[in-house]
Amino acid sequence: MPFCEVAKHQASLYDGVDAASLSSSSNNNGIRIFYRTHGHGTTKVLLIIGFAGTNDSWGPQIKALTGKERSNDDDGMRGVDQSDDNGEDGYGGNGVQVCAFDNRGMGRSSVPTKNSEYSTKIMAKDAIALMDHLGWRKAHVFGHSMGAMIACKLAVMVPDRVLSLALLNVTGGGFECLPKLDRQTISVAIRFFKAKTPEQRAAVDLDTHYTKEYLDEYVGSSTRRAILHQEYVKGISSTGMQSSYGFDGQVNACWTHKMTRTEIELIRSAGFLVSVIHGRHDIIAPIYYARRLAEKLQPVARMVDLHGGHLVSHERTKEVNQVLHELINASETKMSPHDWSNFPRKSSRWSGRGALLGKNNTCSTVCVVEKLHLSISSVFGLFMLMFEYIRRAIRSLQPARVGPSLA
């Protein structure tokens with residue numbers, strides 16, 4: 001099976017640290033990252049999945065980008081760079097090679113036991129080590145949820161190696177990871193903490209990943225909910241239970257994630273284009289934060305909001321795949337940022353200020369109300385998080401953590 005030994009490829013990321021010290025570092029000593037490559041060609045795409053997800057969660061995007069479902073490992077092909085392959089499969093005629101992997105703490109990758117060994121920066125270094133392992137100098141980097149946070153850190157650390165950046169259902173980390181407050185969210189949170197079997201966890205995941213109307217649609221004689229529930233149970237059972245170490249560690253990575261002004265500016269000025277893709281009805285990562293991040297990344301970012309939930313890449317597969325293809329094409333044709341962005345130019349925001357005063361006041365009122373609602377949601381989320389940790393500390397046996405293959 002294809003694994004990347006992280007410590008062998010991270011010397012370039014630690015200035016002034018000798019190889020012996022690097023190998024003994026607690027953050028990467030013995031860490032192995034499981035990955036799969038798909039397709040061959042000159043266009044490279046690195047896919048970074050989110051919290052408790054595994055590499056196969058990118059299935060719909062892998063098929064769209066490469067034209068194949070089977071991995072190179074299944075076909076008996078090498079996973080390392082084959083840039084001289086001019087196969088016609090996939091995007092653009094020259095072919096696409098995609099790599100998707102399991103983050104540390106999930107799937108077949110290593111599971112460190114300390115929370116300090118998990119952060120989006122550390123996990124970004126895992127991803128860069130994987131690029132080195134594959135022999136990829138540059139790649140289009142696409143991330144979902146926590147994977148999008150990791151992708152941001154990767155872009156900050158090695159901006160010269162990023163061809164484009166796609167951020168799906170992203171937030172800024174910390175309290176922004178807390179879901180909005182309503183009856184549905186409270187119900188899902190309670191069911192999540194009570195879930196002990198693959199069947200129970202699958203039922204909760206469906207309600208967090210998709211909109212109700214999508215799940216209630218019929219496909220033949222069965223609803224999507226029934227069909228997906230069987231697939232989720234199968235996926236959870238095949239990957240096994242996510243350990244408490246992996247769960248807590250990845251939670252820590254999300255909670256401690258933060259993008260500073262300097263980091264935002266570095267991405268803005270790096271020279272690559274960005275797509276921020278989000279489901280309007282995402283109850284895990286409120287779209288408000290994604291839109292705010294896209295605004296901060298002007299003029300290089302395009303905001304794409306779709307009718308979907310947290311796993312919009314599955315619920316709106318065709319639209320998401322089209323956006324990703326457009327991003328690759330725009331990057332390869334050197335489209336200018338101002339032609340790429342769908343936000344108003346900053347200069348236009350201040351022209352005709354008097355005429356727009358009423359509109360701006362209305363927008364300000366809406367923003368204040370929205371921020372107030374998000375603040376209340378954050379307080380509730382913190383309460384639920386504290387309640388869970390207290391409950392686990394009191395109990396003599398830790399509850400089982402179930403890790404879905406789709407997250």
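Sequence positions, counted from 1, serve as the residue numbers for this chain.
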Under 4.5 Å between any side-chain heavy atoms of [X] and [Y], yes or no?
X      : Y      : value
Ile33  : His133 : no
Val170 : Tyr289 : no
Leu130 : Phe3   : no
Met149 : Cys177 : yes
Thr223 : Leu215 : no
Asn342 : Met303 : yes
Val204 : Lys194 : no
Leu46  : Phe142 : no

(request) Under the side chain to side chain contact (heavy atoms under 4.5 Å, CB included) rule, what do Tyr118 and Asp248 come out as? Steps first, then yes or no, please. (result) CA-CA 9 Å; Tyr118 295 84; Asp248 292 344; over 6 Å; no
Please check if the side chain of [X] supplies one atom and the backbone of [Y] the other of a donor-acceptor pair under 3.5 Å.
X      : Y      : value
Thr256 : Asn252 : yes
Gln250 : Ala52  : yes
Thr66  : Ile62  : yes
Lys8   : Ala129 : no
Glu117 : Lys114 : yes
Ser237 : Lys234 : no
Ser238 : Gly235 : yes
Gln61  : Ala64  : no
Lys44  : Gly41  : yes
Ser109 : Phe34  : yes

Under the rule for side-chain contact (heavy atoms from CB on, under 4.5 Å), what residues qualify as partners of [X], not counting sequence neighbours?
X      : value
Glu217 : Tyr214, Arg224
Val323 : Ser275, Ile277, Val304
Thr260 : Thr262, Glu263
Ala285 : Thr171, His278, Asp282, His310

Smallest separation among heavy atoms of [X] and [Y], with atom names:
X      : Y      : result
Trp340 : Val274 : NE1-O, 2.9 Å
Phe247 : Gln242 : N-NE2, 3.5 Å
Ala301 : Ser341 : O-OG, 3.3 Å
Ser331 : Leu273 : N-CD1, 4.2 Å

Please enumerate all residues that pass ring-ring contact (aromatic ring centres under 6.0 Å, His included) together with [X], with sequence neighbours excluded.
X      : value
His307 : His281
Tyr245 : none
Phe272 : none

Check: Would Asp126 and Lys121 satisfy salt bridge (Lys or Arg N to Asp or Glu O under 4.0 Å), going step by step from the backbone distance to the final call?
Finding: CA-CA 9 Å; Asp126 292 344; Lys121 184 175 181 180; over 6 Å; no
Those residues at least two apart in sequence (or on a different chain) that pass side chain to side chain donor-acceptor pair (under 3.5 Å) with Glu319 are none
Taken in chain and number order and not counting sequence neighbours, the residues that satisfy side chain to side chain donor-acceptor pair (under 3.5 Å) with Lys63 are Glu69
Calculate, to the nearest 0.5 Å, the distance between atoms [atom1] and [atom2] belonging to [X] and [Y] respectively.
X      : Y      : atom1 : atom2 : answer
Gln322 : Thr317 : CD    : OG1   : 13.0 Å
Leu65  : Thr43  : CG    : OG1   : 9.5 Å
His140 : Ile328 : NE2   : CD1   : 5.0 Å
Leu47  : Ile49  : CG    : CD1   : 8.5 Å
Ser145 : Ile48  : OG    : CD1   : 12.5 Å
Met123 : His257 : CE    : NE2   : 11.5 Å

Only one of His209, Glu199, Arg201 passes side-chain hydrogen bond (donor to acceptor under 3.5 Å, both in side chains) with Tyr232, and that residue is His209
For Glu315 and Thr211, which I'm curious about, is there any donor-acceptor pair between the side chains at under 3.5 Å?
yes
Notebook entry, point to check: Does any donor atom in the side chain of Gln97 or Thr42 lie under 3.5 Å from an acceptor atom in the other side chain?
Noted result: no
Sidechain N-carboxylate O distance under 4.0 Å for [X], [Y]:
X      : Y      : value
Asp102 : Arg108 : no
Glu265 : Arg268 : yes
Asp74  : Arg36  : yes

Quick one: do Ser110 and Arg104 satisfy side chain to side chain contact (heavy atoms under 4.5 Å, CB included)? Show the steps, please. CA-CA 5 Å; Ser110 299; Arg104 61 169 65 198; 5.7 Å; no
Note to self: For Asp56 and Thr54: C-alpha separation, side-chain torsions, deciding distance, then whether side chain to side chain donor-acceptor pair (under 3.5 Å) applies.
What the structure shows: CA-CA 6 Å; Asp56 55 358; Thr54 53; 2.6 Å; yes
Taken in chain and number order and not counting sequence neighbours, the residues that satisfy salt bridge (Lys or Arg N to Asp or Glu O under 4.0 Å) with Arg32 are Glu5
Hits for salt bridge (Lys or Arg N to Asp or Glu O under 4.0 Å) against Arg302, two or more places apart or cross-chain, chain-then-number order -> Glu326
Quick note, salt bridge (charged side-chain N to carboxylate O under 4.0 Å, His left out) partners involving residues 183-192, not counting sequence neighbours, are Arg191-Asp207
Taking the inter-plane angle between the rings of Trp58 and His144 on a 0 to 90° scale, is it parallel (under 30°), tilted (30 to 60°) or perpendicular (over 60°)? perpendicular
Exercise. Check step by step if side chain to side chain donor-acceptor pair (under 3.5 Å) holds for Asn72 and Thr37.
Key: CA-CA 6 Å; Asn72 295 340; Thr37 58; 3.0 Å; yes
